[in-house]
Structures are given as C-alpha cells and as structure tokens.
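What follows is a short report on a single structure.
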Amino acid sequence: MTTSVTTPAPSPAGPARTARPGRRAPGGRARAWATRAPLMPALIFLVAVTQLPFVATLVISLFDWNSLSPDQRHFHGLSNYATVFTDPDMRDSVFTTILLTVAVVVASVVIGLLLALLLDRKFFGRGLVRTLLITPFLLVPVSAALLWKHVLYNPEYGLLNGAWAWVASLFGDHHAAQPDWISDMPLTAVEIALVWQWTPFMMLILLAGLQSRPAETLEAARLDGASAWQMFRYLTLPHLRRYLELGILLGSINIVQNFDAVFTITAGGLGTANLPYTIYQTFYQAHEYGLASAAGVVVVIGTIIIATFALRVVSSLFTQEEGRA
C-alpha cells in the first residue's frame with residue numbers, strides 16, 4: 001500500500017515574507033521623527049547658545065590674538081595652554097583657586113551638617129529658623145559680597161569692628177585698634193563670605209538625607225541601648241555618605257567658578273586672584289584673547305570632570321532610592 005504525500009500548492013500571492021529583526025517599519029520612523037520634532041527647536045537653541053561659543057573659544061585659544069594689535073593675529077598652536085601651566089601668575093591663581101575651593105567646601109559642609117542635625121530635631125520656631133538659615137543662599141552673589149565688604153568688614157563703620165570694640169571694652173581697653181579685616185586677612189575674608197553664602201546649600205542637601213533615614217532602624221538601635229554618638233557614627237554618617245559626596249561635588253563646581261566675591265571684596269589683590277578672576281584680567285585688561293580663552297577652556301574641562309562625578313553620584317542616589325521603594 002503506497003501512501004501519497006501531497007504538497008500544498010503555492011499561494012498565488014507568492015511566498016510570505018518574514019520581517020527582518022531590527023528593521024523598523026516605514027511608519028515607525030515617521031512616528032519617531034514626529035515625537036522628536038517638537039524638541040528640535042530647543043536642541044538647536046541649546047547648541048547655538050552653549051556649544052558654538054565654546055567652539056569659538058576653543059579656536060581662539062589656538063591663536064596669538066591681542067585685541068590692541070588685531071593685524072598681528074596668527075596661529076599659535078598649543079603655546080597658550082603651555083603658558084597657562086607655566087606662567088607664575090597663572091600657577092598662583094590655580095593654587096589660590098584650589099585653596100579657596102577646599103577651605104570653603106570643607107567649612108560649609110561641616111557647618112551645614114551641624115545645622116542640619118539641629119533642624120532635624122523638633123523645637124518651637126523650627127520653620128522660622130530654617131527660613132532664616134536659607135536666606136544667605138537666596139541673595140545675589142554680588143549683593144552678598146557687597147554686604148560683607150561694606151556692612152561687616154569696613155574698618156570705620158563695619159559691624160565686626162563695632163563688636164570688636166565692644167568686646168575690648170569689656171576687658172577695660174576702650175581704645176583698641178580697629179583691625180582692617182580685608183587688608184589683614186584678605187583670602188580668609190573672601191572664604192568667610194563664601195562659607196556664609198554656601199552653608200545653607202550644604203545644609204539643605206544634608207537635611208534631606210537626614211529626613212530620609214529609615215525610622216525603624218533608628219528605633220531598633222535606640223532600643224538596643226546605642227548612644228547618640230554611636231547612632232551618628234554607625235548609622236547616620238554612612239547613610240549621609242552619598243549626600244555628602246553630592247554636596248561636596250556640586251559645591252566644588254560652583255566655588256571653582258566663583259568670581260563675584262573675589263572681584264567685589266578684594267578686586268583680586270593681596271594674593272586672592274583665583275583663576276576666573278585671572279581670566280577676566282587677561283581678557284579685559286591685558287586684551288590677550290588667545291591666552292584668556294585657553295585658560296577658560298582649562299576651567300571648563302576641569303568643571304566637566306567634576307560634573308561627571310557629580311552626575312554619577314546623583315544617578316547612584318536615584319538608583320538607591322528606587323531600590324528602597
């Protein structure tokens with residue numbers, strides 16, 4: 001007995017086509033462009049406002065360009081960058097920038113942590129105290145610098161000198177010499193003004209970290225007999241590590257670029273000229289466009305490196321919070 005196997009006749013429409021994996025349908029590409037199209041004007045505007053000026057700065061940094069002698073402009077290669085790292089004034093400004101940034105960030109983080117620990121407790125008038133502590137960060141930087149220069153540091157009518165004379169009078173010295181705060185300690189005067197302005201920023205970040213602590217863990221440690229110092233050392237501080245890193249990195253980005261306090265309080269004199277002020281001096285007073293552009297590119301690259309680490313910390317914070325949820 002023979003069994004016959006019949007083969008189905010091919011369809012008149014021809015063999016069926018299988019879609020290639022990864023190949024987008026014609027309508028999908030149109031939908032994708034329709035979704036992206038409303039964002040294109042904002043993207044073009046962002047590129048035109050931020051990237052094109054930076055590209056122009058990068059090109060100018062390769063030229064020996066003095067605005068007082070525009071006809072003598074010529075290509076200079078990387079010589080301007082070599083000058084940035086070898087010129088004594090530039091090196092001093094880099095050292096001043098590092099010293100200023102480290103001092104302000106460390107002091108504002110420590111004071112901000114103490115204030116955050118205070119505001120984490122419940123007491124009468126806490127909302128008012130929190131508002132008053134945030135106020136310095138809300139001031140315009142130039143206004144804050146002028147406040148410190150004229151209202152507090154002025155050797156003739158400043159409040160600090162008035163307090164100094166009052167304390168001296170308590171000890172019987174009614175003719176104590178009035179210190180000139182800016183002339184006697186110029187860099188410290190700038191640092192104190194910046195610490196006063198940036199401590200609220202650190203306090204807000206750390207206060208948010210304190211208020212996100214798991215209450216059940218703290219209660220369990222308290223029931224186990226842990227002291228306040230042990231709870232802070234082994235529970236609170238490890239929990240605040242990411243928030244401390246975030247505050248330090250974001251604070252460093254802003255302090256590195258600070259220009260207002262140095263320009264307003266000391267005008268860059270007495271060894272307080274940081275790198276942004278030196279760039280301003282090179283560009284506005286010496287009219288060396290190429291050298292100033294090279295220094296600006298160096299600052300931008302350094303800021304991008306710090307910002308990259310800051311973004312990684314922010315990303316890890318969000319990942320950690322999502323894991324808890």
Side-chain angles (χ1 to χ4, degrees), residues 103-141 143-153 157-171 181 188-189 191-251 254-255 261 313-314 317-318 320-321 324-325:
V104 172
V105 170
V106 171
S108 58
V109 164
V110 172
I111 301 174
L113 177 59
L114 296 176
L115 293 176
L117 291 172
L118 172 64
L119 292 177
D120 192 48
R121 300 174 178 271
K122 293 182 179 180
F123 57 89
F124 178 75
R126 183 174 64 167
L128 177 61
V129 173
R130 183 171 56 237
T131 303
L132 292 176
L133 289 176
I134 295 173
T135 302
F137 185 65
L138 303 178
L139 292 178
V140 178
S143 301
L146 288 172
L147 175 70
W148 278 90
K149 181 178 181 179
H150 295 291
V151 178
L152 296 170
Y153 286 148
Y157 53 81
L159 295 180
L160 290 181
N161 276 9
W164 180 276
W166 178 75
V167 172
S169 65
L170 294 179
F171 294 93
W181 304 95
T188 305
E191 290 170 352
I192 292 174
L194 289 175
V195 167
W196 177 78
Q197 188 176 9
W198 283 98
T199 294
F201 174 77
M202 304 297 182
M203 180 195 70
L204 289 175
I205 292 178
L206 298 177
L207 183 59
L210 288 174
Q211 294 180 348
S212 67
R213 291 175 299 175
E216 58 274 8
T217 304
L218 297 175
E219 186 64 25
R222 191 176 293 108
L223 292 176
D224 289 340
S227 63
W229 168 249
Q230 289 174 332
M231 293 175 61
F232 175 77
R233 171 66 179 83
Y234 296 105
L235 293 178
T236 302
L237 204 56
H239 176 77
L240 289 179
R241 183 176 68 89
R242 294 292 184 182
Y243 296 90
L244 287 168
E245 291 176 357
L246 178 62
I248 290 171
L249 290 172
L250 293 180
N254 287 280
I255 301 302
V313 172
V314 172
L317 274 176
F318 282 122
Q320 185 178 3
E321 293 297 332
R324 287 180 182 176

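One-based numbering along the sequence shown.
The two atoms that bring Pro200 and Phe137 nearest to each other are CB-CB, 3.8 Å, heavy atoms only. The two atoms that bring Ile205 and Gly247 nearest to each other are CD1-CA, 3.9 Å, heavy atoms only. Heavy-atom minimum distance, Gln197 versus Val140: NE2-C, 4.5 Å.
Distance CG/Leu152 to CH2/Trp181: 10.5 Å, rounded to 0.5 Å. Here the straight-line distance linking atom CG of Leu246 with atom CG of Leu244 works out to 9.5 Å at 0.5 Å rounding. To the nearest 0.5 Å, the span separating CG on Leu118 from CG on Leu210 amounts to 11.0 Å. Taking CD of Glu219 as the start and CE of Met231 as the end, the distance is 8.0 Å to the nearest 0.5 Å. Note: Met202 CE to Ile111 CD1 = 11.0 Å, rounded to the nearest 0.5 Å. A distance of 7.5 Å separates OG in Ser212 from CG in Leu240, rounded to the nearest 0.5 Å.
Taking the six-membered ring for Trp and thresholds of 30 and 60 degrees, Trp229 and Phe232 have ring planes inclined between 30 and 60 degrees apart.
The number of heavy atoms from other shown groups lying within 6.0 Å of CZ (Phe123) is above 12.
Between Val195 and the choices Val105, Ile255, Val104, the side-chain contact (heavy atoms from CB on, under 4.5 Å) rule is met once, by Val104.
Of the possible polar contacts, none joining the Arg130 side chain to the Gly127 backbone as a donor-acceptor pair under 3.5 Å is found. Without hydrogens or angle criteria, Asn254 side chain to Leu250 main chain gives a donor-acceptor distance under 3.5 Å. With hydrogens and angles ignored, the 3.5 Å screen pairs no side-chain donor or acceptor of Thr199 with any backbone N or O of Trp196.
Looking at Ile134 and Met203, their side chains come closer than 4.5 Å, going by heavy atoms from C-beta outward. A 4.5 Å side-chain heavy-atom check between Trp148 and Ile192 finds at least one atom pair inside the cut-off. Counting heavy atoms from C-beta outward, Thr236 and Arg213 have side chains that approach closer than 4.5 Å.
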